[in-house]
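Data block below; observations after.
Note that this is a predicted model, so its numbers are computed, not measured.
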Amino acid sequence: MTDVSKAEIAEPILRLRGIGRRFGGLHAVRDVDLDVAHGERRAILGPNGAGKTTLFNVISGDVGPSSGTIDFLGEDVSVLPPRARAKLGMGRTYQKSRSFLGMTVEDNLYLAVLGTRSGHFRPISLRKRDGEMRDRARELADAVGLGGRFGELVGSLSHGEQRQLEVGMARASNPHLMMLDEPASGLSRGERVALTELLLSLDPAITLILIEHDMDVALRVADRVTMMHDGRVIVEGTPDEIRANQTVHDLYLGRGNHSDV
Amino acid sequence: MTRITPDRVVGIGALVLAVIAPFIVSSYWVGALLTQMLFLGIVAASLIFLSAYGGMISLAQVAVYGIAGFVVGNATTNGNTKGLNLGWNPWWGVIAGIAIAVGVGLLFGALASRSVGIYFLMITLTYSVIANLTFGQVTDVSGFGGISGIPAPGAIGRVEAHQNRLYYVALVAAFLVYLLLRYVARTPFGLTLQGVRDDPIRMASLGYNVNLHRTIAFGFASFVASIGGVLFVWWNGHIDPASIDLGATIDVLVIAVIGGLYRLEGAWVGALFFVIVNNYSQQISFIGPRFHTLIGAIFLLIVLVSPGGLVGLWERALELASGTHKEPSDRTPIEVGPVESHV
Ligand SMILES: Nc1ncnc2c1ncn2[C@@H]1O[C@H](COP(=O)(O)OP(=O)(O)O)[C@@H](O)[C@H]1O
Ligand SMILES: [Mg+2]
């Protein structure tokens with residue numbers, strides 16, 4: 001972070017103002033302001049239906065906002081399509097895996113690498129260019145612990161491996177901002193530890209926004225936490241402040257198996 | 001790379017048979033049935049490519065093939081009562097026919113690219129109806145009588161006199177189309193297309209222009225279909241609106257489904273089956289006029305027994321023979337319903 005200019009430190013990488021999203025009469029997200037700094041690790045918490053995924057979809061462009069603006073890297077991206085935001089440097093995963101089950105791990109990562117480069121319509125294989133992208137795919141597979149499954153069909157991977165692949169795909173474009181929607185959901189205890197290590201090992205220059213139900217994962221990885229409820233942001237603070245916050249306890253930590261955090 | 005698999009053996013065997021066919025079957029078979037099988041197979045292959053790799057079941061392939069055929073007809077004939085009578089060299093006709101068919105295909109693709117499933121099917125059906133009516137009504141380019149006396153290039157000669165020449169030209173074209181489609185599937189363009197087929201939303205957030213990709217794929221499939229159209233008018237010497245009517249459109253869909261919508265080989269398997277059944281059913285007086293009832297019944301039977309068509313039956317037979325149950329298939333079943341609403 002030492003080489004980041006003052007202007008960049010002052011300017012958040014992502015700035016949301018007054019973001020709202022309605023589905024018919026339902027306010028899935030309302031009036032959200034959010035600033036995320038360069039290199040920050042932000043966790044978004046909140047009960048099911050709080051609007052976390054919808055907020056991600058609005059940021060990535062998968063759904064348009066009903067109101068408000070989204071600035072990314074100082075540029076208003078509110079009306080840009082998802083592909084343009086990807087090219088500016090957003091990478092994301094989905095709560096429900098969206099890798100290509102009928103293709104190999106290699107081809108999935110290859111497509112993720114190619115996505116933000118030119119040559120989508122090239123109808124011939126070029127040894128050098130494609131070889132370079134496949135080398136990059138191999139590196140990514142190794143980095144997320146799938147080096148040994150490189151040639152396997154994704155449909156034959158375990159759930160945990162598919163989640164690892166998603167992280168690899170989100171990283172493939174070297175994004176400035178990476179958004180992970182519940183990357184630990186459905187993972188075993190051991191797999192969650194491995195995933196936490198993977199997230200902690202990410203290049204510190206990458207900004208990370210993480211939706212996560214698992215407090216062990218979220219509070220270890222995050223340096224700031226945003227709590228959502230009923231479409232609104234209700235609390236924002238450091239992990240310690242969140243642990244100490246009464247509202248959070250009432251809404252979230254106080255219930256069920258996370259009360260020991 | 002050069003493992004001997006049953007697929008390869010059958011494939012090479014079929015190719016060898018196709019090459020020596022003129023020496024072992026009658027000239028009627030070569031001229032009437034096998035040549036027709038080859039160009040219908042090319043059109044069906046364009047449909048199978050779009051459906052297997054792009055998830056788009058198009059009913060416009062015959063319209064595009066007809067556009068290429070009508071352009072060739074208008075460009076290369078002289079002395080028709082209707083049409084442009086340009087009298088060009090047949091090779092210029094080929095270039096013009098393919099170029100215009102691809103251009104129209106890109107336009108068709110651009111308009112349909114936002115739709116999926118049944119909506120895509122309906123839009124492409126509309127194209128086929130529009131093409132049929134346009135050529136029927138615009139007498140400057142055709143009219144109901146169509147264009148006659150369309151010549152093949154000099155090297156191929158008069159088709160009635162040299163049936164084998166056109167047959168071999170069609171065979172080479174079909175083989176090249178097959179190799180091209182297989183090759184393209186593994187290129188960045190083809191892999192991207194398969195990604196768009198499986199999950200357009202994911203592809204968009206990876207940086208891809210989903211609609212443009214669908215459009216270009218449609219244009220590419222139009223290129224393939226137009227090759228079939230050129231061969232058709234050389235073979236037939238004549239094209240009229242009935243050559244591309246709803247019946248012809250459905251025939252190609254039937255060929256693709258009977259052969260197998262998941263594999264390119266299915267195009268020619270289905271086409272061979274179709275032309276043989278068509279030919280021999282005409283000789284049975286009870287069935288002759290009811291050919292479409294017969295082929296419809298076969299269609300239904302095959303859809304029920306083997307969604308992968310005849311090629312699918314072959315694959316299943318292989319599985320049974322080797323006692324293996326296949327790994328999860330690398331072909332995603334084709335979605336006919338809307339995949340997911342785009343907000
Ligand atoms: N595409 C959609 N159409 C209609 N309602 C939606 C859609 N997406 C989300 N919602 C609704 O918005 C609310 C917030 O959902 P979501 O953002 O998925 O919450 P979270 O990720 O916090 O669990 C839920 O009530 C959900 O049913
Ligand atoms: Mg969610």
Among A:R92, A:R129, A:R117, A:M133, residue most engaged with chain B (heavy-atom pairs, under 4.5 Å): A:R92

message: Is the shortest side-chain heavy-atom distance between B:Q194 and A:L111 below 4.5 Å?
response: no

query: Checking heavy atoms, do the side chain of A:S173, its backbone, both or neither come under 4.5 Å from chain B?
result: neither

- line: Distance col, row A:H120:NE2 vs B:L206:CG, nearest 0.5 angstrom, shows 9.0 Å

query: Which heavy-atom pair separates B:T187 from A:P123 by the least distance, and what is that distance?
result: CG2-O, 3.3 Å

- line: On a heavy-atom basis, the closest approach of A:G119 and B:P188 is O-CB, 3.7 Å

message: At a heavy-atom distance under 4.5 Å, which candidate from A:D130, A:T93, A:I124 has the highest pair count against chain B?
response: A:I124

message: So for A:T116, is it side chain, backbone, both, or neither that comes closer than 4.5 Å to the heavy atoms of chain B?
response: both

- request: Tell me, out of B:T192, B:V184, B:L193, B:L191, who's got the most heavy-atom pairs with chain A below 4.5 Å.
  value: B:L191

statement: Most heavy-atom pairs under 4.5 Å with chain A, out of B:Y208, B:F220, B:Y183, B:F189, belong to B:Y208

- prompt: Where does B:I216 contact chain A at under 4.5 Å (heavy atoms): side chain, backbone, both or neither?
  reply: side chain

query: Atom CZ of B:R186 and atom CG of A:D107: how far apart are they, to the nearest 0.5 Å?
result: 4.5 Å

- prompt: Do B:D198 and A:L101 pass the side chain to side chain contact (heavy atoms under 4.5 Å, CB included) test, and can you show the C-alpha distance, the side-chain angles, and the key distance before you say yes or no?
  reply: CA-CA 9 Å; B:D198 291 347; A:L101 299 181; over 6 Å; no

query: Is the count of non-hydrogen atoms from other residues, nucleotides or ligands lying under 6.0 Å from A:R22 atom CZ greater than 12?
result: no

field: chain B contact via A:M169 - which portion, at a heavy-atom distance below 4.5 Å
entry: both

- request: Classify the angle between the aromatic ring planes of A:F121 and B:H213 as parallel (below 30°), tilted (30 to 60°) or perpendicular (above 60°).
  value: parallel

query: Is it the side chain or the backbone of B:L212 that comes within 4.5 Å of chain A heavy atoms, both, or neither?
result: both

field: Atom OH of A:Y94 with >12 non-hydrogen neighbours under 6.0 angstrom
entry: yes

field: Closest approach of B:S205 to A:A86 (non-hydrogen atoms, all atoms of both residues)
entry: O-CB, 3.4 Å

